[in-house]
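Working notes, structure below.
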Amino acid sequence: MDFQFTAEDQQLRQEVRNFVESEWDAQGIDSFSNSVYSYDVHHVEDDRRIHEYTKKLADRGWYTMHWPEEFGGTGAPLSRQLAYREEAAYRGSPVTTPTFFAHTLMYYGQDWQKEEILGKIASGELINFSQGFSEPNAGADLGSLQTRAVQDGDDWVITGQKIWNTGGHMADIGHYLVRTDPQAPKHRGISYFIVDMHDPGITLRPLFDALGKQRWVEVFLDGARVPSRNLVGELNRGWYAAMTNMSFERSNVEAPSYRLRDLENFLDYAREARFSDGSIILDDPIARHVLADARVLIEIGRMISYQVAWIQSKGEVPAMESAFSKLFHDEMTPNVFGALNRLLREAGIFSVGDPRAPMNGYPQVNSYLSWMNRFAGGGREIELNIIAQRGLGLPR
Ligand SMILES: Cc1cc2nc3c(=O)[nH]c(=O)nc-3n(C[C@H](O)[C@H](O)[C@H](O)COP(=O)(O)OP(=O)(O)OC[C@H]3O[C@@H](n4cnc5c(N)ncnc54)[C@H](O)[C@@H]3O)c2cc1C
């Protein structure tokens, strides 16, 4: 890695700070919930709020600052991008495009897809996508997917079922992996299509998380049609485009800044707060060590994210490094929240909405909700497989 923060970067941080303070109202919702559309984020109302704010980020040229200039980025140096992304995350605001699909289009999209779809993402017009990869029998082993697409004239007709589709009920378009050659070895018969989520052949069924919040949908495709021009990359080579997508899904640049703010909020609370025996939380030396450990974890996460961003800024795909980053962050986040919640002792059982809950119950609810990221985008063991094979050169 080779970069350093300049005076201009520091100035940008100040601008971002002022902007977020005047334009973003988190409405008391914590950054973890906002960043993953979690427990107390109301999908429709908050989505509208996030959408409006996103357009303002886009107008300022910040939203896709890290994209290459030809696609609507600014060509800003890496240090400038990181200064923006860290500061916005630290202030608890949405930061940048949540769609890894954009990067797939940059590498594999047809010209019209790049112009039309990337343009709408860059302007903040399109923020929700349905990522149709997982199926009931194809999660970590994604290559086993069974949803079929059969050519019919200039269209492809899709039949099958997708699951764990985050925010699919809010999306107008989806990007889907389907089997187009059932005779080929499993990874070679898969194609990648852009799908119109309002197609009459598509039916959605809601899926709820452990706290009763709808996060996902199941997607049933029964004769859904997509035109051939919606193919991303080459026919039967969709697996490789999807893996580009996944390596961007695994980079986690904002997570350490969000967690640093969570830790600092906790420190503010714990300076005054007392255990039920009347003692102050921070007077406990073990509590201070736990908090210091959390700070170290966050800093390691930051360095790992910098490395991924550095590789991406050179136009390379950080396959092994982003697996490394995802593996680390997926454990760092619940470990930090878990440590904070344990420090609350018995008060840590009260959850969001309970007036007795410290810090509105966020340490509690996030300490177990954040484990779900460990499964999103392929499980922990899949990341370990990638590191073993691509990083250590070990056999499959
Ligand atoms: C919050 C969240 C959001 C998601 N959003 C989306 C989305 O928008 N679109 C989408 O398509 N999918 C989405 N998913 C689904 C996600 O991609 C899958 O959950 C993931 O791929 C794991 O698949 P699975 O749940 O079927 O678990 P399984 O594949 O059944 O795996 C279960 C466990 O076994 C382990 N395991 C599996 N295979 C191996 C192996 N070969 N060696 C060792 N261990 C193994 C896994 O690591 C895991 O711990 C989301 C999931 C979550 C949790």
Side-chain angles (χ1 to χ4, degrees), residues 32-39 41 43 47 97-102 104 127-147 158 160-179 186-187 190 192-195 197 202 204-221 232 238-239 241-250 252 255 322-323 326-327 329-331 333-334 337 365-366 368-390 394-396:
F32 180 77
S33 302
N34 258 325
S35 67
V36 298
Y37 284 105
S38 184
Y39 180 60
V41 176
H43 276 173
D47 190 55
T97 161
T99 176
F100 325 104
F101 173 49
T104 307
I127 61 169
N128 293 319
F129 296 85
S130 158
Q131 178 167 307
F133 288 15
S134 307
E135 298 181 1
N137 293 315
D141 183 17
L142 185 58
S144 295
L145 63 90
Q146 294 300 321
T147 294
I158 307 180
Q161 181 188 353
K162 297 290 179 180
I163 197 167
W164 307 124
N165 209 273
T166 303
H169 50 305
M170 301 188 294
D172 293 323
I173 72 170
H175 48 120
Y176 276 56
L177 285 180
V178 295
R179 190 160 297 286
K186 66 181 187 180
H187 294 100
I190 294 172
Y192 197 145
F193 283 101
I194 297 168
V195 171
M197 293 304 290
I202 292 183
L204 306 180
R205 197 163 74 183
L207 283 174
F208 300 87
D209 67 22
L211 294 170
K213 176 85 187 171
Q214 184 187 348
R215 299 177 44 81
W216 306 275
V217 282
E218 270 179 293
V219 183
F220 297 90
L221 302 114
V232 178
W239 179 258
M243 288 307 105
T244 300
N245 185 318
M246 299 308 277
S247 79
F248 278 96
E249 179 160 355
R250 293 179 175 125
N252 290 296
S322 57
K326 177 157 172 34
L327 192 65
H329 284 102
D330 286 355
E331 305 220 340
T333 295
F337 282 129
V365 78
N366 291 344
Y368 55 91
L369 260 192
S370 56
W371 281 111
M372 70 187 167
N373 284 349
R374 193 169 152 175
F375 296 94
R380 169 184 157 76
E381 290 74 15
I382 300 310
E383 311 301 332
L384 288 173
N385 281 348
I386 294 172
I387 293 168
Q389 287 156 22
R390 300 209 193 172
L394 300 178
R396 293 176 77 83

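Whatever order the structure lists them in is the order used to number ligands and atoms, beginning at 1. Starting from 1, each residue takes its place in the sequence as its number. Predicted model only: the values in this text are computed from it and were never measured.
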Would you please classify the geometry between the Phe101 ring and the Tyr192 ring as parallel, tilted or perpendicular, with 30° and 60° separating the classes?
parallel
When the ring planes of Trp164 and Trp216 are compared, do they come out parallel, tilted or perpendicular, using 30° and 60° as the limits?
perpendicular
Under 3.5 Å between any N/O of [X] and any N/O of ligand 1: does that happen in this structure?
{"X": "Phe133", "answer": "yes"}
{"X": "Glu381", "answer": "yes"}
{"X": "Asn165", "answer": "no"}
{"X": "Ala140", "answer": "yes"}

Within ligand 1, which atoms have a heavy atom of Met372 less than 4.0 Å away?
1 (C), 53 (C)
Considering only heavy atoms of Gly379, which atoms of ligand 1 have at least one such atom less than 4.0 Å away?
47 (O)
Given [options], which has its nearest heavy atom closest to [atom]?
{"atom": "atom 1 (C) of ligand 1", "options": "Arg215, Gln131, Glu135", "value": "Arg215"}
{"atom": "atom 12 (N) of ligand 1", "options": "Ser134, Gly132, Gly168", "value": "Ser134"}
{"atom": "atom 50 (C) of ligand 1", "options": "Phe375, Trp371, Tyr176, Trp164", "value": "Trp164"}
{"atom": "atom 23 (O) of ligand 1", "options": "Pro136, Ala376, Gly139", "value": "Gly139"}

Kindly check if the number of other-residue, nucleotide or ligand heavy atoms within 6.0 Å of CG (Asp141) is above 12?
yes
State, with a plain yes or no, whether a side-chain heavy atom of Arg179 is found less than 4.5 Å away from one of Ile190.
yes
Sequence neighbours excluded, the answer for salt bridge (Lys or Arg N to Asp or Glu O under 4.0 Å) partners of Glu331 is Arg374, Arg380
Go through the structure and list residues passing side-chain contact (heavy atoms from CB on, under 4.5 Å) with Gln161, not counting sequence neighbours.
Pro136, Glu218, Phe220
Can you measure from CG (Leu221) to CG (Leu204) and round to the nearest 0.5 angstrom?
9.0 Å
